[in-house]
Amino acid sequence: MHWADVMAERLSRRGDKHVIASGITPSGVFHIGHLREILTADMITRACHARGLDAEFIFIVDSADPLRKVYDFLDPEYERYIGHQLGTIPAPDENGKPGDGSITYAAHFLNPFMEALKQIGVEPRIIDNLDSYRQGEFADSARIACENVAEVREIIESKSGRELPEGWYPYNPLDSQGCLDGVTVTGYEWPHVHWTDSHGESGSADLRKGEGKLPWRLDWPARWHSLGVTFEPFGKDHGASGGSYSTGRPLVQLFGSEPPEPLVYEWILLRGVGAMSASGGITVGPLVALELVPPEILRFLIARNKPNKHIEFDTGSALVELTEEYRNLLSNIQEMEAEVDSDSSKRASTALITKKASLLYSQVKEGEEVNYESRKISFRHLAMLAQIRSEDEDVWASLERGGLIESAAEAGGELEDRLRRMRIWLASEHFPEPFRLRVQSEITDGAGEFLVAEEHLEYLKMLEPLIRGCEWKSKTINDAVCDTARREEIGLEVREAFKLLYWVFLDQNFGPRLAPLFHELGAELVLVQLEKAIDHLTI
RNA sequence: GGGCCUGUAGCUUAGUCAGGUAGAGCAUCCGGCUUUUAACCGGACGGCCGCGGGUUCGAACCCCGUCAGGCCCGCCA
């Protein structure tokens, strides 16, 4: 069974109504790792729906979290906002300096991510944590915490094995400047927490009005309590024994609710770099990846990997492999289905069911049939066409000739979208070099090693005038290349001729159809390079 | 110190929760196709399932131990 279905099954034993939560702090640029959090929750929500459960997916934005430090991408001016809540401070401008405040720090980083989520088919109910505080959603939990300080302290200290500092209090009031740091709680009397701050000011925070917040280890269970969360996936940082999930369990019970079902997921690692970090600036944004491949590929990245496996990712070869695997699965799944039936092993049928589910959960629209349209056209093929054909029409024509599509009309929609993204990928730094056609303007060492035989020179000498004189069409170019090789006085195998030309033009002994490539390169460029090859052999 | 996750073919891995002959993709090699879509089709090669014990008629799977890698217990998904 697919991991999302396994989880949904477990949830169905718990009840029929579920609130599936997911939360992220918008402290910096969102990255692919955050996508795992969201998509894990999204897919399990869908799996719940598939088995008739009433499940709602909510995405909690931690806008109430304070700025911890001045990250590398921020100007030192942000020093004065440390300890201030992300939903109350200004977004950085393009230089990392605090902006004019027309958009908050939290919204600045959240908005592009929301756009990516929309494209990727995830539309959760958004809950702004700062708003929740201001609307008093946490008042109940905060009151219980403040009335049971010793017990809360005991739970956290015993579970985490960590000693809390002397003045620790289960509620952090905002100080006179709106900062959460350096505030000392001096007393509590519902609904107020009294405090003094580092500026010598003192005051009272109303628990019902968001004049402060719960520290993380209480904030989390308080959300579970107020929203009735029954399931939440979280990164392994929270999952360790003594981590915030294990202290959250008894705390949410203290608030009067049952803890949600957990699911710990592993990190996505940037190949050759390590873990991604929003605050450390090592990221691949979901929007960047979305520019390069269709959204179902990114969903597939999450769907095909079990949550407890780490994922190695990059925007080059890893994306290519993923794209190819998706396509291969599309073209094989129906065949596999036909083969796997009653007489198959349990193993084979389990594998099939899991793979089908991976495809299903990769579809952008929930419940939509798997789209098989693009299965015949591989990444390699499309990448090659996109490189030698600058006009989309020519790409469609080529696909049509190859029998990969019925007609150019079929190219609309998804294929057109794929090609568009492929062109962006090609133009970017992310495109993997081995797939890039490297059209040569000199005779490379590799080509030089190949170009040794007398026939090679004869062939090129005879080809050159034909190329020069022929009508610049793929057909005539191709005829010139092949007919020349076949002439008796040359006696070169056609295959050998192609190899020769691939070496001269691409520095490798194979390549895409040569004639369209020449056509695309233009007569002038082709002739210059041919002459260089002739010169090389003549010396 | 405490805990979590991972370890299966050269690489990526499925199968572990419900024990029943170890599967796939990529790569490699061979063959087919040959006015060649680095395509496509067919085949081969390749695994003491980290290691040691135990339970069982039977273990990649369950139990105990052990080694290795990654990570957490400081609010980085």
Side-chain angles (χ1 to χ4, degrees), chain A residues 1 3 6 9-10 22-25 27-28 30-38 40-41 62 65-66 68-69 71 159-162 215-217 219-220 233-247 264-269 274-280 282 304-310 312 318 321-322 324-325 328-329 332 336 345-348 350-352 354-355 376-378 380-385 388 398-399 401-404 434-435 437 474-475 477-483 485-486 493-495 497-499 502 506 508-517:
Chain A
M1 224 189 321
W3 55 262
V6 171
E9 185 105 343
R10 194 186 308 167
S22 171
I24 300 178
T25 302
S27 56
F30 282 68
H31 52 70
I32 294 282
H34 294 113
L35 217 50
R36 186 168 216 183
E37 159 99 17
I38 297 290
T40 301
D62 262 345
D65 264 18
R68 311 260 166 228
K69 56 180 261 195
Y71 302 120
K159 285 277 176 186
S160 70
R162 185 164 55 101
W216 165 246
R217 280 181 185 262
D219 179 290
W220 203 17
F234 45 87
K236 60 178 174 180
D237 50 334
H238 297 313
S241 163
S244 43
Y245 181 75
S246 66
T247 54
V264 178
Y265 59 85
E266 261 283 351
W267 307 122
I268 293 179
L269 306 176
M276 292 189 213
S277 164
S279 49
I282 303 164
R304 74 175 289 272
N305 290 292
K306 291 194 289 193
N308 61 6
K309 294 270 195 182
H310 79 247
E312 294 231 17
E321 285 156 25
L322 190 66
E324 286 293 70
E325 191 185 326
N328 285 336
L329 194 54
N332 296 335
M336 286 167 63
S345 66
K346 184 181 103 180
R347 189 172 292 134
T350 303
L352 176 72
T354 306
K355 282 179 176 161
K376 286 191 214 155
I377 298 154
S378 71
R380 287 162 183 277
H381 190 34
L382 192 62
M384 190 270 301
L385 289 178
I388 64 167
S398 171
L399 289 172
R401 274 197 307 277
L404 292 170
F435 295 100
L437 291 177
S474 288
K475 174 77 170 73
I477 295 167
N478 205 42
D479 285 347
V481 168
C482 296
D483 293 346
R486 283 215 199 79
E493 273 187 55
V494 171
R495 191 190 187 88
F498 273 100
K499 266 193 185 176
Y502 283 126
L506 297 176
Q508 53 190 31
N509 73 344
F510 52 82
R513 274 185 192 267
L514 200 61
L517 179 65

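Chain identifiers are assigned alphabetically (A, B, ...) following the order of the sequence lines, protein sequences preceding nucleic acid strands; residue numbering begins at 1 within each chain.
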Fill in: Closest to the A:Cys482 side chain, choosing from B:rA24, B:rU35, B:rU12
B:rU35
Discussion item. Main chain of A:Asn305, side chain of A:Trp3: is a donor-acceptor contact present, judged purely on distance under 3.5 Å?
Written reply: yes
Worksheet entry | Whole-Å distance separating the CG atom of A:Leu437 from the C1' atom of B:rU36 | 15 Å
Item to complete: Assess whether side chain to side chain contact (heavy atoms under 4.5 Å, CB included) is satisfied between A:Phe30 and A:Leu35, documenting all intermediate values.
Response: CA-CA 8 Å; A:Phe30 282 68; A:Leu35 217 50; over 6 Å; no
When you compare the protein's N or O atoms with those of nucleotides 40-43 of chain B, which come within less than 3.5 Å of each other, and at what distance?
none

Worksheet, complete the sentence: Answer for the Watson-Crick or wobble partner of B:rG65, both distances under 3.5 Å, is B:rC51
Worksheet item: Using the C1' atom in both, what is the distance from B:rA9 to B:rG47, to the nearest Å?
Response: 5 Å
Worksheet item: With both distances kept under 3.5 Å, what pairs with B:rG1, Watson-Crick or G-U wobble?
Response: B:rC73
Worksheet entry | Watson-Crick or G-U wobble mate for B:rG10, both contacts under 3.5 Å | B:rC26
Worksheet item: Roughly how far apart are A:Ser244 OG and A:Lys159 NZ, rounded to 0.5 Å?
Response: 13.0 Å
Discussion item. Using whole Å, what does the distance between atom P of nucleotide B:rU36 and atom CG of A:Asn478 come to?
Written reply: 6 Å
Item to complete: Kindly indicate, with the supporting measurements, whether the criterion side chain to side chain contact (heavy atoms under 4.5 Å, CB included) is fulfilled by A:Lys306 and A:Glu266.
Response: CA-CA 9 Å; A:Lys306 291 194 289 193; A:Glu266 261 283 351; over 6 Å; no
Discussion item. Tell me the interatomic distance from A:Trp220, atom CH2, to B:rC75, atom C1', rounded to whole angstroms.
Written reply: 11 Å
Practice prompt. Using a heavy-atom cut-off of under 4.0 Å over every strand shown, decide if A:Asp237 touches base, sugar-phosphate, or nothing.
Written response: sugar-phosphate
Fill in: Separation between CG of A:Asp62 and CH2 of A:Trp220, rounded to the nearest 0.5 Å
10.5 Å
Item to complete: Using the P atom as the reference point in each nucleotide, state the distance between B:rG53 and B:rG42 in Å, no decimals.
Response: 43 Å
Worksheet item: Could you give the NE2-to-C1' distance, from A:His31 to B:rC76, as a whole number of Å?
Response: 7 Å
Item to complete: Determine the Euclidean distance between corresponding P atoms of B:rG52 and B:rC61; express it in Å to zero decimal places.
Response: 12 Å
Worksheet, complete the sentence: Separation between CD1 (A:Ile268) and NE2 (A:His34), nearest 0.5 Å, reads 10.5 Å
Response to the item:
From the candidates B:rU12, B:rC73, B:rA24, the one with an atom nearest any side-chain atom of A:Arg304 is B:rU12
Worksheet item: Under the 3.5 angstrom rule, does the side chain of A:Arg304 hit a backbone N or O of A:Lys355 as a donor-acceptor pair?
Response: no
Item to complete: Could you measure between the two P atoms, the one in B:rU13 and the one in B:rG65, and give it in whole Å?
Response: 28 Å
Worksheet item: Atom CG of A:Leu382 and atom P of B:rA38: how far apart are they, to the nearest Å?
Response: 13 Å
Practice prompt. Among the candidates B:rG70, B:rA38, B:rC75, find the nucleotide nearest to the side-chain atoms of A:Met384.
Written response: B:rA38
Worksheet item: What interatomic distance, in whole Å, is found between P of B:rC48 and the corresponding atom of B:rA22?
Response: 14 Å
Worksheet item: When the C1' atoms of B:rC49 and B:rU6 are considered, how many whole Å apart are they?
Response: 14 Å
Item to complete: Give the rounded distance in Å between these two atoms: NE2 of A:His310 and P of B:rC72.
Response: 14 Å
Discussion item. Taking B:rC73 as the reference, what is the distance to B:rC26 when you measure between their P atoms (whole Å, please)?
Written reply: 40 Å
Worksheet item: What class does the angle between the rings of A:Trp216 and A:His238 fall in, given that below 30° is parallel, 30 to 60° is tilted and above 60° is perpendicular?
Response: tilted
Practice prompt. Not counting sequence neighbours, which residues clear salt bridge (charged side-chain N to carboxylate O under 4.0 Å, His left out) with A:Glu37? List them please.
Written response: none
Discussion item. Regarding A:Asp479, tell me which of base, sugar-phosphate or nothing describes its non-hydrogen contacts under 4.0 Å with the strands shown.
Written reply: base
Discussion item. In this structure, how many angstroms lie between the C1' atom of B:rC61 and the NZ atom of A:Lys306, rounded?
Written reply: 12 Å
Worksheet entry | Distance, P atom - from B:rG10 to B:rG19, rounded to whole angstrom | 30 Å
Practice prompt. Take atom NZ of A:Lys159 and atom P of B:rG2, then tell me their distance rounded to the nearest Å.
Written response: 17 Å
Item to complete: Determine the contact category for A:Arg68: base if any of its heavy atoms lies under 4.0 Å from a base atom, sugar-phosphate if only primed atoms, P, OP1 or OP2 are that close, otherwise nothing.
Response: base
Output one line per pair: protein atom, nucleotide atom from nucleotides 7-11 of chain B, and distance, for all N/O pairs under 3.5 Å.
unit_1 : atom_1 : unit_2   : atom_2 : d
B:rG7  : OP1    : A:Lys309 : NZ     : 2.9

Worksheet item: Would you say a side-chain N or O of A:Asn308 is under 4.0 Å from OP1 or OP2 of B:rU6?
Response: yes
